[in-house]
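First comes the structure, then the notes that go with it.
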Amino acid sequence: MEDTIIKEAPPIPTMGKWCEEEVLKLGPHFHKFNGSDNQYDRVTHFSLNDQENFKKLNGIGTITSVHICMALNNPNKNEITFCPYLEINGQRFDLNPETNGSFRSEENEPGLLKAQSDIVPGIFRNMIWENWEEAEMHLMDDLFHCKDKNGLLRRVEYYFITDNMIEVINDLNKRGITGITLYPGIDMNKFNKRDKISFTPVLGFTTGTSIKVEGRNKWLGILESNGDETLIEYSRPCPPTCP
């Protein structure tokens, strides 16, 4: 009788691993080694593009809470192991990390990418995403920490979308959301302020119908709606601004 081979389930990225990782070891989780040119590829965005997930999302009805949860998988230099996920009305939606262009290694020119990403929307690319693209790897650990009023170092665990932005997302969901992209960014206005988190995630939503909005509309936080994608950047990090 042949032995039955039991395959272990792949590890699940968790917030616990994110919280427990050493401060100076966070940077490598955003990169994977590209053996073809001996460079490191940096993650450019994260995508939700599984039809089953969208059926689940469209079936939620009224959305009341949206969290961007920070999570890590097991360390692996050949993979992106920072794997944030969305939690919508308490249900988990996993995002797939994507790369576009290679991060030059420390031995060459630290902190530079070989290519601009064409997939990031123009107005956003020229703002906080460009800061993410150009940040040196060894500085990335500072993006996710702040000091509280007692001088204790705090690490962001998740971001929550405010009620006025959830109103926008509900409107998009009525139209039928067909794609969600998370773009990482850095707000340089907060980078040197030790009581603020400077990592700034932006959510991009695509729907089955075209929407046209010039610049920011009445809802603070809409960066751009170009007919294909609506960008929402206004979220709050916890800590320090937990609800």
Side-chain angles (χ1 to χ4, degrees), residues 12-16 18-19 43-72 82-98 119-121 123-124 127-129 144 156-185 187 197 199-243:
I12 298 175
T14 65
M15 191 184 296
W18 166 260
C19 294
V43 66
T44 57
H45 60 287
F46 302 84
S47 300
L48 180 72
N49 48 24
D50 179 82
Q51 291 305 311
E52 289 302 315
N53 273 322
F54 289 115
K55 288 181 182 178
K56 183 171 72 171
L57 177 62
N58 298 151
I60 282 179
T62 301
I63 295 172
T64 57
S65 66
V66 179
H67 291 170
I68 302 170
C69 299
M70 314 293 277
L72 289 183
F82 173 67
C83 303
Y85 61 90
L86 299 179
E87 195 172 84
I88 302 175
N89 285 21
Q91 298 187 50
R92 176 169 172 154
F93 294 82
D94 288 302
L95 301 166
N96 299 313
E98 310 279 354
I119 202 162
V120 179
I123 192 171
F124 176 51
M127 296 175 71
I128 58 179
W129 187 86
F144 309 97
V156 62
E157 297 179 11
Y158 66 88
Y159 292 77
F160 64 96
I161 307 298
T162 55
D163 289 344
N164 57 339
M165 290 296 97
I166 289 178
E167 180 184 344
V168 177
I169 296 172
N170 270 311
D171 182 63
L172 295 171
N173 202 30
K174 290 176 184 176
R175 299 170 183 267
I177 294 174
T178 57
I180 300 178
T181 303
L182 187 154
Y183 301 103
D187 187 343
I197 302 291
F199 178 74
T200 305
V202 170
L203 289 178
F205 295 86
T206 54
T207 63
T209 57
S210 180
I211 303 172
K212 184 65 176 177
V213 178
E214 295 292 341
R216 289 179 180 265
N217 66 9
K218 66 178 181 179
W219 290 292
L220 175 66
I222 297 291
L223 278 177
E224 181 182 35
S225 185
N226 58 12
D228 296 322
E229 187 172 28
T230 299
L231 297 173
I232 294 177
E233 64 89 17
Y234 196 65
S235 60
R236 293 183 178 178
C238 173
T241 58
C242 300

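Within the model, atoms CG of D187 and CD1 of I197 stand 12.0 Å from one another, a figure rounded to the nearest 0.5 Å. Rounded to the nearest 0.5 angstrom, L95 CG and L48 CG are separated by 6.0 Å. To the nearest 0.5 Å, atom CD1 of residue I12 and atom CG of residue D94 are 8.0 Å apart.
In this structure the side chain of E87 never reaches within 4.5 angstrom of the side chain of Y158, judged on heavy atoms. Using a 4.5 Å heavy-atom cutoff, the side chains of E157 and P239 are in contact. Residues I180 and F54 meet the side-chain proximity criterion, which asks for heavy atoms closer than 4.5 Å. In this structure the side chain of I161 reaches within 4.5 angstrom of the side chain of L203, judged on heavy atoms. Residues T241 and F160 are in side-chain contact: their nearest non-hydrogen atoms beyond the backbone lie under 4.5 Å apart. Considering only heavy atoms from C-beta on, F82 comes within 4.5 Å of L72 through its side chain. Between Y85 and H67 the shortest side-chain heavy-atom distance does not fall below 4.5 Å.
Taking every heavy atom of both residues into account, P84 and F46 meet most closely at CD-CE2, 3.4 Å.
Between W18 and F144, the ring-plane angle classifies as perpendicular under the 30° and 60° cut-offs.
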